[in-house]
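Residue numbering restarts at 1 for every chain, and letters A, B, ... go by the order of the sequence lines.
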There are 4 protein chains.
Amino acid sequence: MPQTTAERPRRNEKSRQAILTAALQLAGEVGYTKLSIEAIAARAGVGKQTIYRWWPSKAAVLFDAVLALSTNDAGETTLPDTGDLEADLRTVLHATVRELNDPGYDRSMRSLTVALLEDEGLAAEYRRNLAQRMHEVKKDRLRSAQLAGHVAEDVDLDAAVEMIFGPLMNRWLTRSGPITPEYADTILTTALNGLRPRG
Amino acid sequence: MPQTTAERPRRNEKSRQAILTAALQLAGEVGYTKLSIEAIAARAGVGKQTIYRWWPSKAAVLFDAVLALSTNDAGETTLPDTGDLEADLRTVLHATVRELNDPGYDRSMRSLTVALLEDEGLAAEYRRNLAQRMHEVKKDRLRSAQLAGHVAEDVDLDAAVEMIFGPLMNRWLTRSGPITPEYADTILTTALNGLRPRG
Amino acid sequence: MPQTTAERPRRNEKSRQAILTAALQLAGEVGYTKLSIEAIAARAGVGKQTIYRWWPSKAAVLFDAVLALSTNDAGETTLPDTGDLEADLRTVLHATVRELNDPGYDRSMRSLTVALLEDEGLAAEYRRNLAQRMHEVKKDRLRSAQLAGHVAEDVDLDAAVEMIFGPLMNRWLTRSGPITPEYADTILTTALNGLRPRG
Amino acid sequence: MPQTTAERPRRNEKSRQAILTAALQLAGEVGYTKLSIEAIAARAGVGKQTIYRWWPSKAAVLFDAVLALSTNDAGETTLPDTGDLEADLRTVLHATVRELNDPGYDRSMRSLTVALLEDEGLAAEYRRNLAQRMHEVKKDRLRSAQLAGHVAEDVDLDAAVEMIFGPLMNRWLTRSGPITPEYADTILTTALNGLRPRG
DNA sequence: TTTTAAACGAGACGGTACGTCAAGTCTTAAT
DNA sequence: ATTAAGACTTGACGTACCGTCTCGTTTAAAA
């Protein structure tokens, strides 16, 4: 049985990597709007056409660059489930806090955010490929807690996830205050307090 | 934004207005990155130099344009206080929901958001001039409720405000779901549930 | 003018021609100082950068444009030598008179003159490439006459050429009088009279 | 009969002088095309409007500036007439050579030349006010020599003047060779040789 | 193993917008 | 009423990138 791969993978992987790396570096250095395909090509040692051949816009390049990053360390599809909902969510929130305080991550994510704000199609893809998956993972953990009776039965789990993570992301984006584990804890405690069954 | 009005602002007010109006219109039409000072000047019937004379960047122009808008209708410095915290906050949240669903507001605010993400100094100014003021107004209402015993004494009021409004803003920015009064109500109810005194 | 043709002149000849043509036309229409690279590019249907890529200034463009003109019809490297010096020089002078009275030539040469007055380097190049060559051709004819005994032995031939052609060019530049064959003849006769061997 | 002095407007003579001085300086420093009214006004400590009120163009300002210079030292209306034509003309030519080699004079005169090449009306005025007057002065001296029998009777005196001064001016403008007293002498001797009565 | 077609680096091209400089006009305040 | 100052609209400057389009030159698959 010969090659079924006959399709068209005649693509230079080294160039692809160089482009994504350069895009990420430059986004961190100069920000999204000053990021230029010309500069990416130059930094990557690549012809401009090689970028235009495989990506429709600088937003798409940056998107792939961040996606590549995230895909590496994000093989996990579930949250820990120790039975203690608050502890499990705290673990995740603290990890998020750490990321948001990492300058490299901060800058490239801000650039990506701009890209997504500017390109609705890309934003949809981002949701489909990353955001929604991560959302579902958290929702699953809440559902498990709901079944265990730690969360009220009538709670809208989508809203619940957003209540726990939304304030943190919002503070990060607007820099309206420091991103600390304590802040995350406060949000988490209060939110869970509101979600708990009454009676 | 510069506004050294005191001395002698030999400045053409008509041009200033035309520039802000044009900036807002164009930001709504083409988005932030495709917004150009050249186009603003043309639409406003103004020389480019008149823009560069008074603003350092297109971000600053857009900032002032949005600021002018907000300053007009935002003379109010307090939230309604009927004694019913949930009802009062619902009023504000529903107004916010209405704004976020207005295409004109949506687009210019998204553009402004990009501007603020790209220009840290401007973001600081935005917080000082608008965000913080609005935050304080909401915090005041919560403080009043806390004094009335409707909110637990140990609650961090900054976090409380962010819990009520953060998820909504986040859903708007990331388009992770529809912005409806019902969604706002769900967040509000759950959040207040968590904030209420226990016992 | 740059013309490193040897290696790899990945250069669009059609654009080059269009630029030179447009430059010449516009110089004739609006004069040198009102001539703009922007207008040349527009008239030639070319991006500005294409001009800046190959020429350092509008003076250089105009220079090349005139050079191209002159190179075409100026293949001749010698003056006629019928043995009658006065007749031979008269032929050349009358041709010059005709050119100077041609509005098209007049205007572009005046523009070029301004360009050369403003750019010393270009002026040097002009002398090297055109003026000196033409000067030598005339000097050669005078030398031949000197050998034939029609011009005094101690005459400085450079000065002689300038005496015959200088007054004409000067009258043209300063518009101090009409440029006629008769005027040229007067100068020529008197000059030759002064150059003839005495005895 | 009241004041007949109603003639000229109340014009600030100090500003006028400052403008002409600044124009001359700047023309010498940066050349004609880079000379700007803005810079003249700044250097002269004068409002731009004051220049525009009294002159129609930078060419006119420069013209007046040079005119003022020339009028100062050019009160003389005749050439010396010692009876020795060659000696008298040599005096004048050597003075001209000295001027042309003075960098300040050289640069401002080159700038003025550009101005005159670009503005035909100004060129006419220049001829009327300066060039023609100087031409007549020289022509007068030649006429005197003609009457004394040192110049042939049938000589066209206009052409004669141009033969003596044209080559020098032309060499200056085109920088086709050094401007030396010896060169001037050669031209003068040869020209006078051609102008002398034959027989 | 040779052929051959794509992907590649390089970079010129027609354009748009940048941010700056100066033009010439107009307004204000001081003399 | 003239001036110094300087804001205004206009237009050109020279530069940076855009996205498209050749150029030769690898390079890896099919022949």
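Checking side-chain atoms of A:K58 against main-chain N and O of A:T33 turns up a donor-acceptor pair under 3.5 Å. A donor-acceptor contact shorter than 3.5 Å links the side chain of B:T21 to the backbone of B:Q17. Using a distance-only test at 3.5 Å, with no hydrogens or angles considered, no donor-acceptor pair links the side chain of D:K48 to the main chain of D:A42.
For E:dC13, one of the phosphate oxygens OP1 or OP2 lies less than 4.0 angstrom from a side-chain nitrogen or oxygen of C:R53. Close to F:dA4, at under 4.0 Å from its OP1 or OP2, lies a side-chain N or O of D:T50. Applying the 4.0 Å criterion to OP1 and OP2 of E:dA23, one finds that D:W55 has every side-chain N and O outside that range.
Checked against E:dG9, E:dG19, E:dC13, the side chain of B:Y52 finds its nearest nucleotide in E:dG19. Comparing F:dC23, F:dG19, F:dT3 against the side chain of C:R10 picks out F:dC23 as the nearest.
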Steps toward side chain to side chain contact (heavy atoms under 4.5 Å, CB included) verdict (B:W55, B:R16):
CA-CA 11 Å; B:W55 291 275; B:R16 188 179 155 276; 4.0 Å; yes

Verify side chain to side chain contact (heavy atoms under 4.5 Å, CB included) between B:L173 and A:L116, making sure each step is shown before the conclusion.
CA-CA 9 Å; B:L173 261 174; A:L116 298 181; over 6 Å; no

Show your reasoning for whether side chain to side chain contact (heavy atoms under 4.5 Å, CB included) applies to A:F63 and A:L67.
CA-CA 6 Å; A:F63 177 85; A:L67 200 81; 4.1 Å; yes

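Remark: P of F:dC18 and NZ of B:K34 are 13 Å apart, rounded to the nearest angstrom. As rounded to whole Å, 10 Å separates atom P of F:dC17 from atom NZ of A:K58. The separation between B:L35 atom CG and E:dC18 atom C1' is 13 Å, rounded to whole Å. If you measure from atom CG of B:N12 to atom P of E:dT25, you get 19 Å, rounded to the nearest angstrom. Note: CD1 (B:I51) to P (F:dC8) measures 11 Å, nearest angstrom.
Only at 4.0 angstrom or more do the heavy atoms of residues 13-29 of chain A sit from any atom of DNA chain F, so none qualifies. Proximity of residues 36-45 of chain C to DNA chain F (heavy atom under 4.0 angstrom from any strand atom) is restricted to C:S36, C:I37, C:E38.
The pair A:E29-A:R107 does not count as a salt bridge, with every side-chain nitrogen at least 4.0 angstrom from each carboxylate oxygen. Taking a cutoff of 4.0 Å between a charged side-chain nitrogen and a carboxylate oxygen, C:E120 and D:R175 qualify as a salt bridge. Looking at A:R43 and A:E38, no side-chain N of the basic residue comes within less than 4.0 Å of a carboxylate O on the acidic one, giving no salt bridge.
Applying the 3.5 Å distance criterion, the base of E:dG19 shares a donor-acceptor pair with the side chain of B:K48. Remark: the D:Q49 side chain and the E:dC26 base include a donor-acceptor N/O pair separated by less than 3.5 Å.
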